[in-house]
K.L.:
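Shown below is the structure under consideration.
By convention in this document, chain letters (A, B, ...) are assigned in the order of the sequence lines, proteins followed by strands, and residues within each chain are numbered from 1. Bear in mind that the values here come from a model prediction, so they are computed numbers and not experimental data.
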2 protein chains.
Amino acid sequence: MTRRSDKRMRLILAANRLIHRKGYERTSIAEIAKEAAVPPGNVYYYFKTKEELVDAMIARRNAFISAWLSDIDKDGDPELKLTRFVDEFEKTSKSRAEHGCPVGGLCHDANRIGGTFADQAGAAFRTLLEWLARQFVELGDDQERAKANALHLFSVLEGATLFAHTFREPGIVEAESARLKAWLVSLATSQQP
Amino acid sequence: MTRRSDKRMRLILAANRLIHRKGYERTSIAEIAKEAAVPPGNVYYYFKTKEELVDAMIARRNAFISAWLSDIDKDGDPELKLTRFVDEFEKTSKSRAEHGCPVGGLCHDANRIGGTFADQAGAAFRTLLEWLARQFVELGDDQERAKANALHLFSVLEGATLFAHTFREPGIVEAESARLKAWLVSLATSQQP
DNA sequence: GTCTATAGGCAGATAGAC
DNA sequence: GTCTATCTGCCTATAGAC
């Protein structure tokens with residue numbers, strides 16, 4: 001086998017790009033193959049179905065997210081870690097305005113498709129929310145409040161992304177990020193507002 | 001003509017229901033016809049294209065939203081009006097957990113399709129945001145701050161809807177609604193925090 | 001004016017050639 | 001083990017029958 005994993009990975013990466021931009025439904029196997037420079041139709045040698053390809057793509061994304069969180073975790077200070085989390089959204093504001101949130105968009109699509117798909121896609125959100133809640137606990141929240149604050153922070157960012165995408169206005173994500181960071185500062189200073 | 005407008009409206013209503021549940025891509029003309037009890041294929045007598053049908057559906061939705069805002073406007077108090085706005089999300093939390101936000105979902109789909117579609121769908125958000133900003137002005141905000149607060153309030157609700165949908169958890173919308181209402185009270189009491 | 005039969009195209013998937 | 005030619009089915013849209 002001449003580097004089977006190479007083409008396989010190229011297909012996963014192409015699917016990742018295209019599905020972020022065009023969504024699951026409007027991204028065809030043929031397009032993914034073309035983008036990956038793999039002969040069309042040949043995709044089914046590497047993946048039995050389109051769904052299996054996307055499953056592999058989601059798994060890779062989720063691993064990426066876990067690795068990212070581990071990287072942030074090297075900082076000990078929860079306030080700083082939360083700030084870095086929000087910063088990531090600010091930094092990707094242009095991409096978000098143009099194509100929406102990769103995770104949120106996929107969850108949206110997955111919810112429509114149903115099956116095991118939605119759980120796979122939602123796992124990324126679950127991981128991120130649990131991580132966020134842990135940071136709020138470290139800041140002094142009890143479990144319940146930490147969960148609520150995690151959900152609030154993330155809701156703001158995802159909602160802002162939706163509006164930024166709808167109006168093609170990266171500034172919306174940036175404005176809400178700034179607001180959240182100010183809130184984090186006030187939280188950390190005054191041990192709960 | 002034996003009540004041309006009757007079948008036409010039935011098709012619009014069927015499209016509205018189905019597209020909310022399954023999204024634009026996964027809702028076929030044949031399904032819409034079936035749901036509306038109109039002979040399949042006959043749809044094209046009433047609408048030249050699928051896009052035209054959806055345009056009509058969006059126009060109806062947008063009119064509905066404007067009427068709803070006019071109704072709320074009968075209350076003079078901006079704080080009460082904003083509370084009623086948030087209440088609407090709380091009341092529809094179950095539907096939101098099951099099928100997502102009808103407006104947000106459509107904007108999402110429309111962004112992928114492109115063309116004149118995205119503007120049509122986004123118009124509802126624009127109308128709602130402008131209305132929200134007006135209420136914040138009445139509460140004492142300057143224009144810029146009112147716009148920011150409108151966007152923030154709505155972002156929270158749309159983000160919460162996304163998570164509620166992803167996790168099939170209406171409580172998420174309810175929790176964020178409660179949080180927003182507490183915030184509105186604190187805003188109105190203390191003329192800006 | 002209303003509806004049906006069908007065209008035309010593209011999607012996902014497969015069988016089998018190289 | 002790798003790739004291509006092709007099948008089947010569904011979707012949008014139309015031409016023309018009633």
K.L.:
Check step by step if salt bridge (charged side-chain N to carboxylate O under 4.0 Å, His left out) holds for A:D71 and A:R84.
P.N.:
CA-CA 11 Å; A:D71 185 60; A:R84 280 188 65 186; 3.3 Å; yes
K.L.:
Without decimals, in angstroms, what is the distance between A:E52 CD and C:dT14 C1'?
P.N.:
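These atoms are roughly 15 Å apart.
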K.L.:
For the residue pair A:H108 and B:H108, does the interplanar ring angle fall in the parallel (under 30°), tilted (30 to 60°) or perpendicular (over 60°) class?
P.N.:
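It falls in the tilted class, 30° to 60°.
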K.L.:
Nearest-Å distance, NZ (A:K34) to C1' (C:dA11)?
P.N.:
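Roughly 16 Å, once rounded to whole Å.
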K.L.:
N/O contacts under 3.5 Å, protein versus nucleotides 3-6 of chain D?
P.N.:
residue, atom, partner, partner atom, Å
D:dC3, OP1, A:K7, NZ, 2.7
D:dC3, OP2, A:K7, NZ, 2.8
D:dC3, OP2, A:N42, ND2, 3.1

K.L.:
Look at the aromatic rings of A:F163 and B:F154 and report parallel, tilted or perpendicular, splitting at 30° and 60°.
P.N.:
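The rings of A:F163 and B:F154 sit tilted, inter-plane angle from 30° to 60°.
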K.L.:
Closest approach of A:E174 and A:S93, non-hydrogen atoms and distance?
P.N.:
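The answer is OE2-OG, 2.5 Å.
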K.L.:
Could I get a table of every N or O pair under 3.5 Å where one atom is in the protein and the other is in nucleotides 9-12 of chain D?
P.N.:
residue, atom, partner, partner atom, Å
D:dT12, OP1, B:K50, NZ, 3.0
D:dT12, OP2, B:I29, N, 3.0

K.L.:
Distance check, rounded to the nearest 0.5 Å: A:L69 atom CG versus A:E130 atom CD?
P.N.:
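With rounding to 0.5 Å, CG (A:L69) is 10.5 Å from CD (A:E130).
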K.L.:
Measure the acute angle between the ring planes of A:F85 and A:W131, then classify it against the limits of 30° and 60° as parallel, tilted or perpendicular.
P.N.:
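Rings of A:F85 and A:W131: parallel, under 30°.
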K.L.:
Expressed as a whole number of angstroms, how long is the span from A:D6:CG to D:dG1:C1'?
P.N.:
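One finds 15 Å between C1' of D:dG1 and CG of A:D6, rounded.
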K.L.:
For B:R26 and C:dA11, what is the distance between atoms CZ and C1' respectively, to the nearest whole Å?
P.N.:
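One finds 13 Å between C1' of C:dA11 and CZ of B:R26, rounded.
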K.L.:
Could you give the CD-to-P distance, from A:E51 to C:dA11, as a whole number of Å?
P.N.:
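Rounded to the whole Å, the gap is 18 Å.
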K.L.:
Pick one: which of B:V43, B:I29, B:D55 meets side-chain contact (heavy atoms from CB on, under 4.5 Å) with B:K50?
P.N.:
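When side-chain contact (heavy atoms from CB on, under 4.5 Å) is applied between B:K50 and each of B:V43, B:I29, B:D55, only B:I29 qualifies.
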K.L.:
Between B:D141 and B:N149, is there a side-chain heavy-atom distance shorter than 4.5 Å?
P.N.:
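Side-chain contact under 4.5 Å: yes.
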